[in-house]
Amino acid sequence: MSQSDWSISPPLPKLEFNWVEGKDPQTPQEVNQFFYSDAIQVIKQRIVSIGQRMWQKEYVDGNGGNISVRVGDNLILCTPTLISKGFMTPDDMCLVDMQGRQKAGKRPSTSEIKTHLGIMERVPAAKSCVHAHPVHANAFAITGTVPPTGIMPEPDIFYGEVALAKYATPGTPDNACNVGSVSPDHQCIFMENHGVIVWGSHVEDAYWKLENVDAYCRILLLATQLNIPIQQVNSASMRDFVALRIKLGMPDAREQRNDHDLFNLREFAGKPLKPHAE
């Protein structure tokens, strides 16, 4: 066999944090040792890097936004309250339990951690959540709308159908309940009059979804200015998108829907979407 016939498939980087179930640290000394372990320091640095990217993309301003990564049965690493996401350090990170009680860290944890926990307690696959206020996606959130499905492959494959969570004061149990209730079937959630929260298998995965949805919302807002009908794919193509999403290991309730209900909207910005022929 010649060298040209060889095929190499390198493995993907392993970014998901996998802990040993039932082995969470218990004593203050064990918790502190865990919090400063090499493995957790790596996650802290990833959170810092994601925060910088969020700030550079103008998804957050002031002290807005928050990030979390689940690192145990009952432990979550998260950003602190009242800090710019563009200027954090690993030493700023906090450790809380699934009730939101702080276990480690020099700064108090984000006041919105309950919303992250509302997702994580319902969705074991949600190992990281990212919340921000990206301007194009927030233009939808403050009007109580979500972007239409079936327009481009990437949105429907990489984060799926966007859910709209009813408004509640940020950081309250009501907001955690509203967001958590739609999270099992939706990885991207618009919170009315507030912002966007996404979840993924690791912090990079969650952040990608944030970038994806804001870029898509920007495209839609620009497309409406062309005053030309936006085209929507047919149901066969939508089923291809959903199948690819499931193949990538992401949930999608649309798999069980009939063809008509595969699409969340048949018009956008007051105009009918133009369907491709079946």
Expected output: side-chain [X] to main-chain [Y] donor-acceptor under 3.5 Å:
| X | Y | result |
| --- | --- | --- |
| Glu192 | Tyr167 | yes |
| Trp199 | Ser183 | yes |
| Arg245 | Pro251 | yes |
| Gln33 | Gln29 | no |
| Asn178 | Lys166 | yes |
| Thr172 | Ala168 | no |
| Asp92 | Thr89 | yes |
| Ser128 | Ser201 | no |
| Asp156 | Gly150 | yes |
| Thr110 | Thr81 | no |

Hey, are the side chains of [X] and [Y] touching, using non-hydrogen atoms and a 4.5 Å cut-off?
| X | Y | value |
| --- | --- | --- |
| Val69 | Ile76 | no |
| Leu95 | Leu75 | yes |
| His276 | Gln231 | yes |
| His131 | Thr115 | no |
| Asn138 | Val196 | yes |
| Asp174 | Thr169 | no |
| Glu161 | His186 | yes |
| Asn74 | Gln99 | yes |

If Ile, Leu, Val, Met, Phe, Trp and Tyr residues are connected whenever their side-chain heavy atoms lie under 4.5 Å apart, and connections chain through other members, are [X] and [Y] in the same group?
| X | Y | result |
| --- | --- | --- |
| Leu262 | Leu244 | yes |
| Met88 | Val60 | yes |
| Tyr36 | Ile47 | yes |
| Tyr159 | Ile246 | no |
| Met93 | Ile43 | yes |

So, for [X] and [Y], which heavy atoms are closest and what is the spacing to 0.1 Å?
| X | Y | value |
| --- | --- | --- |
| Gly171 | Lys114 | O-CD, 3.7 Å |
| Arg122 | Pro184 | CB-CG, 4.4 Å |
| Phe35 | Cys94 | CE1-C, 4.0 Å |
| Val203 | Arg46 | CG1-CB, 4.0 Å |
| Ile113 | Gly100 | CG2-CA, 4.4 Å |
| Pro148 | Phe268 | CD-CD1, 3.8 Å |

Straight-line distance of [X] [atom1] to [Y] [atom2], nearest 0.5 Å:
| X | Y | atom1 | atom2 | answer |
| --- | --- | --- | --- | --- |
| Leu210 | Met54 | CG | CE | 6.0 Å |
| Leu220 | Met152 | CG | CE | 8.5 Å |
| Phe34 | Ile40 | CZ | CD1 | 3.5 Å |
| Cys78 | Glu112 | SG | CD | 11.5 Å |
| Arg70 | Glu16 | CZ | CD | 12.0 Å |
| Gln102 | Asp97 | CD | CG | 10.0 Å |

Can you tell me if [X] has over 12 outside heavy atoms packed within less than 6.0 Å of its [atom1]?
| X | atom1 | value |
| --- | --- | --- |
| Arg257 | CZ | yes |
| Lys209 | NZ | yes |
| Asn193 | CG | yes |
| Glu21 | CD | no |
| Gln45 | CD | yes |

Check the pair Phe140 / Val146 against side chain to side chain contact (heavy atoms under 4.5 Å, CB included), numbers first and verdict last. CA-CA 6 Å; Phe140 285 75; Val146 295; 5.7 Å; no
In terms of relative ring orientation, are Tyr207 and Tyr59 parallel, tilted or perpendicular, with 30° and 60° separating the classes?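 Ring orientation, 0 to 90° scale: tilted.
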Students often mix this up, so state it plainly: with edges at 30° and 60°, are the rings of Trp208 and His202 parallel, tilted or perpendicular? perpendicular
State plainly whether the residues Lys127 and Asp205 are in salt-bridge range, i.e. N to O under 4.0 Å.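 No, this pair does not count.
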Closer than 4.0 angstrom, basic N to acidic O: yes or no for Arg53 and Glu204?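 The answer is yes: the pair qualifies as a salt bridge.
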Are side-chain N/O atoms of [X] and [Y] paired as donor and acceptor at under 3.5 Å?
| X | Y | value |
| --- | --- | --- |
| Ser84 | Asn63 | no |
| Ser237 | Asn234 | yes |
| His116 | Asn66 | yes |

Please report the C-alpha distance between Asp261 and Arg254 in whole Å, then the side-chain angles of each, then the deciding distance to 0.1 Å, and finally whether the salt bridge (charged side-chain N to carboxylate O under 4.0 Å, His left out) criterion is met. CA-CA 8 Å; Asp261 292 334; Arg254 294 174 295 180; over 6 Å; no
cation_pi(Arg218, Tyr216) dist<6.0 Å, angle<=45: no
Hey, mind stepping through Phe190 and Val213 against side chain to side chain contact (heavy atoms under 4.5 Å, CB included) and telling me if it holds? CA-CA 10 Å; Phe190 286 6; Val213 74; 3.7 Å; yes
Taking it one step at a time, do Cys188 and Phe158 satisfy side chain to side chain contact (heavy atoms under 4.5 Å, CB included)? CA-CA 10 Å; Cys188 181; Phe158 291 122; over 6 Å; no
Hey, mind stepping through Met191 and Ile197 against side chain to side chain contact (heavy atoms under 4.5 Å, CB included) and telling me if it holds? CA-CA 8 Å; Met191 296 179 279; Ile197 190 165; 4.0 Å; yes
